[in-house]
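First up is the structure itself, then whatever we jot down about it.
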Amino acid sequence: MKHKIITSKDGSHTLYVPDLNEHYHSTNGAVQESMHVFINAGLRLVTADKINILEFGFGTGLNAFLTALNKESNEIHYHSMEKYPIESSMINQLNYGDLFEGKHKELFKRLHQSNWEEENKIKDGFYLNKQQVDFKEVRLEPKYNLIYFDAFAPDIQPKLWSKEIFERAYSSLLPGGILTTYCAKGVVRRTMQAVGFTVERLPGPPGKREMLRAVREK
């Protein structure tokens, strides 16, 4: 897929895919959206000493980057699935490493330069395993505390928001595990509920009224 870099309203980049007429992040603020949906509504609620995170859609690596920056004293093992990795020439043009006074350029580089299909130590207490795989085919262990569900929108890739996918997500979570997503469509909420999730609507990031957070209670 071809990509075009867009500067969102908070100054951080996102990517636009002309063939899909879709952006990787909100044009109202890429970093703001990721912080709101995945860090504040997800990561900050998990208190385990060792946190296993599963991400549906590595994309630009922004969610992994912000997770590494916002980790506390706990240890994080971050497993991200991405069927179509972005080419390195495009990644090198993204401005995430220039954010936060440019203090974390090397961290952003390490996320993308780390090997695929194996776990890599990115920094003390943060380990990344990027897997090039189709969500519909991967077998997942029931070990995750948190899922970042960041696939393209249901109108663009409906198969990635199916009952089958959410059944896989549900079964991979530990009891009390959390799934967060930017999407708040009623059909998505009902599908999550149908596979067993307890789902709540939350205020969305800038430019979006709502988002969803789902919990596996048992």
- Stepwise ring pair (Phe, Tyr, Trp, His ring centres under 6.0 Å) test for Phe197 and Tyr170: CA-CA 7 Å; Phe197 281 111; Tyr170 183 88; 5.0 Å; yes
- Query: How many angstroms lie between OG1 in Thr181 and CG in Leu202, if you round to the nearest 0.5 Å?
  - Reply: 11.5 Å
- Task: Calculate, to the nearest 0.5 Å, the distance between atoms CZ and OG1 belonging to Phe65 and Thr67 respectively.
- Result: 11.0 Å
- Exactly one candidate in His112, Gln132, Lys130 meets side-chain contact (heavy atoms from CB on, under 4.5 Å) with Pro85; the answer is Gln132
- Message: Tell me whether the count of non-hydrogen atoms from other residues, nucleotides or ligands lying under 6.0 Å of CD in Glu72 goes above 12.
- Response: no
- Query: Would you say Asn92 has more than 12 foreign heavy atoms packed within less than 6.0 Å of its CG?
  - Reply: yes
- Item | Any side-chain donor near an acceptor of the partner, Glu55 and His79, under 3.5 Å | no
- Message: So Ile76 and Tyr127, do their side chains get closer than 4.5 Å, heavy atoms only?
- Response: no
- Message: Measuring from atom CD1 of Ile5 to atom NE2 of His13, what distance do you get when rounded to the nearest 0.5 angstrom?
- Response: 5.5 Å
- Side chains of Leu212 and Glu200: closer than 4.5 Å at any heavy-atom pair? no
- Message: If hydrophobic clusters are built from ILVMFWY residues whose side chains come within less than 4.5 Å, do Leu20 and Ile86 share one?
- Response: yes
- For the residue pair Tyr24 and His3, is the inter-centroid distance of their aromatic rings smaller than 6.0 Å? yes
- Shortest non-hydrogen separation from Ser8 to Gly29 and the atoms involved: OG-CA, 3.5 Å
- Message: Does Leu128 form a side-chain contact (heavy atoms from CB on, under 4.5 Å) with Glu119? I'd like the steps, not just the answer.
- Response: CA-CA 5 Å; Leu128 173 65; Glu119 188 169 76; over 6 Å; no
Can you give the donor-acceptor pairs under 3.5 Å from side chains of residues 97-104 to other protein atoms, not counting sequence neighbours?
from   : atom 1 : to     : atom 2 : distance (Å)
Asp98  : OD1    : Lys105 : NZ     : 3.4
Glu101 : OE1    : Lys103 : NZ     : 3.2

- Query: About how many Å separate CG of Leu54 and CG of Leu173, when rounded to the nearest 0.5 Å?
  - Reply: 8.0 Å
- Is the centre of the Phe38 ring less than 6.0 Å from the centre of the Tyr182 ring? no
- Short question: side chain of Gln157, backbone of Ala153 - any donor-acceptor pair under 3.5 Å? no
- Which distance, rounded to the nearest 0.5 Å, do you find between the OG of Ser73 and the CG of Asp49? 7.0 Å
- Message: Do Ile147 and Ser172 make a side-chain contact, defined as non-hydrogen atoms from C-beta onward lying under 4.5 Å apart?
- Response: yes
- Item | Met192 to Ala214 - nearest heavy-atom pair and separation | SD-CB, 3.9 Å
- Query: More than 12 heavy atoms of other residues, nucleotides or ligands under 6.0 Å from CD of Glu141: is that the case?
  - Reply: no
- Item | Side-chain heavy-atom pair Asn52, Lys50 within 4.5 angstrom cut-off | yes
- Query: Hey, are the side chains of Thr14 and Ser26 touching, using non-hydrogen atoms and a 4.5 Å cut-off?
  - Reply: no
- Return the minimal non-hydrogen interatomic distance between Leu62 and Ser34, and the atom names on each side. CD2-CB, 4.0 Å
- Do you see a donor-acceptor pair shorter than 3.5 Å between the side chains of Asn63 and Asp150? yes
- Task: Report the C-alpha distance between Glu33 and Asn28 in whole Å, list the side-chain angles of each, state the deciding distance to 0.1 Å, and finish with yes or no for side-chain hydrogen bond (donor to acceptor under 3.5 Å, both in side chains).
- Result: CA-CA 8 Å; Glu33 178 188 45; Asn28 287 293; over 6 Å; no
- Nearest non-hydrogen partners of Val199 and Arg189, listed with the distance: CG1-CG, 3.8 Å
- Which heavy atom of Ile178 sits nearest a heavy atom of Gly42, and at what distance? CD1-O, 4.5 Å
- Query: With side chains defined as the heavy atoms from C-beta onward, is the minimum distance between Lys83 and Val133 less than 4.5 Å?
  - Reply: no
- Of all the heavy-atom pairs spanning Ile53 and Tyr144, show the shortest one and how long it is. C-CD2, 3.7 Å
- Query: Nearest 0.5 Å, what's the CG-CD1 distance between Leu43 and Ile51?
  - Reply: 5.5 Å
- Query: Are any side-chain N or O atoms of Arg201 and backbone N or O atoms of Met211, one a donor and one an acceptor, separated by less than 3.5 Å?
  - Reply: no
- Query: Side chains of Ile39 and Tyr148: closer than 4.5 Å at any heavy-atom pair?
  - Reply: yes
- Query: If we only count heavy atoms from C-beta on, is the Trp161 to Lys185 side-chain gap below 4.5 Å?
  - Reply: no
- Message: Assess, by modelled atom type and distance only, whether the side chains of Arg110 and Asn120 contain a donor and an acceptor separated by less than 3.5 Å.
- Response: no
- Query: Are a donor atom and an acceptor atom from the side chains of Thr60 and His25 found within less than 3.5 Å of each other?
  - Reply: yes
- May I ask you to check whether Tyr78 and Phe126 place their ring centers less than 6.0 Å from one another? yes
